[in-house]
2 protein chains.
Amino acid sequence: MRVRLEDVARATGVSPKTVSRVLNEEPSVSAATRQRVLAAMKSMNYRPSPAARGLAGNRSLLIAMLYDNSNNPASTYLAEIQNGVLDACETNRYSMMACPLRMLGKDFIRRLDALVVDHHIDGVVLTPPLTDGRKLLARLREHKVAHASICPLHSKGVLGVCMDETRAAAELVAHLVGLGHRRIGHITGIASHGASRWRRIGYESALATAGLVVDPQYIVPGEFTFGSGVAAARQLFALPQRPSAIFAANDDMAAGVMWAANAAGLAVPRDLSVCGFDDTPMATQLWPPLTTVHQPSREMGRIATLQLLGQLRGLDQGQLVQVPYTLQLRGSTAAAPG
Amino acid sequence: MRVRLEDVARATGVSPKTVSRVLNEEPSVSAATRQRVLAAMKSMNYRPSPAARGLAGNRSLLIAMLYDNSNNPASTYLAEIQNGVLDACETNRYSMMACPLRMLGKDFIRRLDALVVDHHIDGVVLTPPLTDGRKLLARLREHKVAHASICPLHSKGVLGVCMDETRAAAELVAHLVGLGHRRIGHITGIASHGASRWRRIGYESALATAGLVVDPQYIVPGEFTFGSGVAAARQLFALPQRPSAIFAANDDMAAGVMWAANAAGLAVPRDLSVCGFDDTPMATQLWPPLTTVHQPSREMGRIATLQLLGQLRGLDQGQLVQVPYTLQLRGSTAAAPG
DNA sequence: GAATGTCTTGACAGCGCTGACTTGTCTGAT
DNA sequence: ATCAGACAAGTCAGCGCTGTCAAGACATTC
């Protein structure tokens, strides 16, 4: 029926333990033996049983991707990251379990235990805002589970990937300044996300660089959702001197701004320039297409996973890897009116 | 360290096998014993090891969600379904593995074997267009793996969920007819998706019901993507008598139509009414908001999974369950000009 | 040449659970 | 009183692999 490790051992004329050593890439096997075992494995189409390995050993070859699902609906951002994680898993013979967590409540403890204790999870990939959940991180350390973070807020001593969001945001705002805009509004994201902070800092630093004052009135809080973008835009439109450009901390909110602009009879980009962040598929599907920053989400998921797997193999290569961004200048931004 | 089944047995004063029986809800245990065992499990916080159960038994309490990832990027549709699958898993103490497959090539055989043979997967949830992959289905039957389908093209004897897409599409087109439109264009989806066929049939039947001729010129193939929507719209705009309304087979293409309309100087809905299908988050984020059909994707994922789990428990309740749709009449459709 | 260390390999138990089989008990029919 | 049958619970091996320990084959040292 099933080809077992023992069968490979018998076929090669070695002990099962030796085959096991080859399987786990342990060093103390002679090259000749290793070759013969590998050849037998291949020709017999041997596939080790994850269940047995998990039971007997301490590894499960399973990792989990944790994400916060308190914000419905599903975002393409997370879906892209998941694809990246799966990419990395596939090339490394790991498997992935997706695990939505509700940040609030102690739900996550139960879920985490189910994952770590029950499934012997080897490591987890954390996505924002889970990257900075204090209790979550504490619990992970307690269980001694390796983890890699994607865009964590606190990056000190953390394994994972990030992007220089501050610089990207600053470049974007500098672009607006270059187009002649002087009153530039900003809609921030959820405070617990690192992204919100960095993008705001980038915005402020670009203004400072250009010698413009940072007026708190022009900074309105949002929640990364379309609806919050609409509301924030209305607030900005109501100012005595409404901004001629708005930088929303993500594309969804930027879409909300464009929506509100349309509703208010403002033409984009003639009366108002709008830009976002993330370059979600939607950015090119709006009219006019949205100026934004491209974030390589899938690649980030892949790299974070590779970092995690590297750590599991004992290569302590781990700091935060920085991935490059690219500005996408499109039709939603234009020269300031007047 | 870890609480094992044996520990529970000792604490209760019964044999391990009896605890196992309680765990697996086997009938031949007296009510009194069952209660005592359950109480002990709870107080000791016993958590069975999936690895051990998988090794010893024939079940893994693991299901897989299969999806086609040859069309990048990630769609919210699939992400929503995944959330629904996870909802159902959680309440039934199952776990899920996400498994992207490339439909073409024989990649899927390897992936499927990895899942079924290695992980002892109990069942799979199929999403379009995998629901109708002949080789895939054959392989699943070969491995005797239970499966539930979401919106399969061929529904005969299949377990899963669907929606009356034909009727929904017909209602939507009837709505356009009611607004006075006589030249209504249609952009179809990928032929291998059942959705494409049903929505087109709905379109045609609605025209027939209204006594309008179905002119092949007004039916243009698309690929469910924004770009294909743009291209198809251009083709329709170039007709000697351009349509006054366009029904795109999904929201992404409808967004493409709106984009193309903007580019061509046509105002939506004044010069052109547009409607889509699926009610993705984007539908309310466009300007004007898109008239479409709401498809309860998450709920469909949940129900399909429940069907699958039901089948695994031997309840052969299985036909296709139909979920209700709702028309979302929004600003992108209006009375025909003239 | 004996003692020591290094490298490669094997023997064996056991991870935590369940399947197949057996045992014991109680019921009702003969 | 005797036996078949139903039910509750137990015994035990073993799922496929790895950890621990031990042993054999060599090379190295003084």
Side-chain angles (χ1 to χ4, degrees), chain A residues 1-38 40-41 44-62 93 95 114 116-122 312, chain B residues 1-38 40-41 44-62 93 95 114 116-122 312:
Chain A
M1 183 64 192
R2 174 179 195 122
V3 181
R4 289 156 308 147
L5 184 139
E6 194 193 331
D7 302 327
V8 176
R10 196 158 15 222
T12 325
V14 297
S15 74
K17 180 64 205 180
T18 298
V19 179
S20 168
R21 279 194 260 260
V22 172
L23 192 60
N24 294 291
E25 296 176 21
E26 287 173 28
S28 59
V29 180
S30 71
T33 308
R34 183 186 306 278
Q35 287 314 316
R36 283 194 302 135
V37 171
L38 286 174
M41 279 183 181
M44 301 174 78
N45 191 28
Y46 168 68
R47 337 186 103 258
S49 151
R53 298 180 88 178
L55 227 206
N58 38 16
R59 294 142 57 253
S60 64
L61 301 185
L62 250 184
R93 301 189 139 268
S95 298
V116 175
V117 182
D118 297 1
H119 287 283
H120 271 277
I121 285 284
D122 288 340
L312 292 178
Chain B
M1 185 64 193
R2 177 184 192 117
V3 181
R4 290 157 306 149
L5 185 140
E6 193 192 333
D7 302 325
V8 176
R10 195 156 18 222
T12 326
V14 297
S15 75
K17 181 64 208 182
T18 299
V19 179
S20 168
R21 279 194 259 261
V22 172
L23 192 61
N24 293 292
E25 297 176 20
E26 287 173 29
S28 58
V29 179
S30 71
T33 308
R34 183 186 306 278
Q35 287 312 317
R36 283 193 303 134
V37 171
L38 286 174
M41 279 184 180
M44 301 173 77
N45 192 27
Y46 168 68
R47 335 186 105 258
S49 151
R53 299 180 88 178
L55 228 205
N58 38 16
R59 294 144 56 254
S60 63
L61 299 185
L62 250 183
R93 301 187 140 269
S95 298
V116 175
V117 182
D118 298 1
H119 286 284
H120 272 278
I121 287 284
D122 288 341
L312 292 178

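First the proteins, then the strands, lettered A, B, ... as listed; each starts at 1. Side chains are part of it too, since the values below use all heavy atoms of this structure and drop only hydrogens, waters and symmetry mates.
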> In whole Å, what is the span from the CZ atom of A/R10 to the P atom of D/dC17?
Replying inline: 12 Å
>> Can you work out whether B/A31 or A/P16 has the more 5'-proximal nearest nucleotide on DNA chain D?
In response: B/A31
>> Rounding to an integer number of Å, can you tell me how far A/L55 CG sits from D/dT18 P?
In response: 11 Å
>> Closest approach to the side chain of A/A52, judged atom by atom: which nucleotide of D/dC17, C/dT9, D/dG10 is it?
In response: D/dC17
> Does A/T12 use its side chain to pair, donor to acceptor, with the backbone of A/V14 at less than 3.5 Å?
Replying inline: no
>> By the salt bridge (Lys or Arg N to Asp or Glu O under 4.0 Å) test, which pairs, at least two apart or in different chains, include something from residues 3-21 of chain B?
In response: B/R4-B/E6, B/R4-B/D7, B/E6-B/R10, B/D7-B/R10
> Should B/R53 be listed as having a side-chain N or O under 4.0 Å from OP1 or OP2 of C/dT18?
Replying inline: yes
> Nearest-Å distance, CD (A/E6) to P (D/dC17)?
Replying inline: 9 Å
> Any side-chain heavy atom of A/V22 within less than 4.5 Å of one from A/L38?
Replying inline: yes
>> Does C/dG16 have OP1 or OP2 under 4.0 Å away from a side-chain N or O of B/S49?
In response: no
> Nearest of C/dT9, C/dC17, D/dT18 to any side-chain atom of A/N24?
Replying inline: D/dT18
> Is atom CZ of A/R47 surrounded by more than 12 heavy atoms (other residues, nucleotides or ligands) closer than 6.0 Å?
Replying inline: yes
>> Using whole Å, what does the distance between atom C1' of nucleotide D/dC15 and atom CG of B/D118 come to?
In response: 15 Å
> If only atom types and distance count, is the side chain of B/R2 paired as donor or acceptor with the main-chain N or O of A/V117 below 3.5 Å?
Replying inline: yes
> When we call it a touch if two heavy atoms are under 4.0 Å apart, what does A/S30 touch: a base, just sugar-phosphate, or nothing?
Replying inline: sugar-phosphate
> Can you find an N or O donor on one side and an acceptor on the other, under 3.5 Å apart, linking the side chain of A/R47 with the base of D/dG16?
Replying inline: no
>> Please report the distance, rounded to the nearest Å, between CZ in B/R34 and C1' in D/dA8.
In response: 11 Å
> OP1 or OP2 of C/dT9 less than 4.0 angstrom from a side-chain nitrogen or oxygen of A/S15, does that happen here?
Replying inline: no
> B/R2 CZ to C/dC17 C1': how many Å, rounded?
Replying inline: 11 Å
>> With nearest nucleotide decided by heavy atoms, which residue, A/A56 or B/K17, maps closer to the 5′ end of DNA chain C?
In response: A/A56
> Taking only side-chain nitrogens and oxygens of B/S20, does any of them come within less than 4.0 Å of OP1 or OP2 of C/dT18?
Replying inline: yes
> Between B/G57 and B/S28, which has a closest nucleotide on DNA chain D that is more 5'?
Replying inline: B/S28
> Taking CZ from B/R21 and P from C/dC17, how many angstroms apart are they, rounded to a whole number?
Replying inline: 16 Å
> Please give, in whole Å, the distance from D/dG16 P to B/H119 NE2?
Replying inline: 16 Å
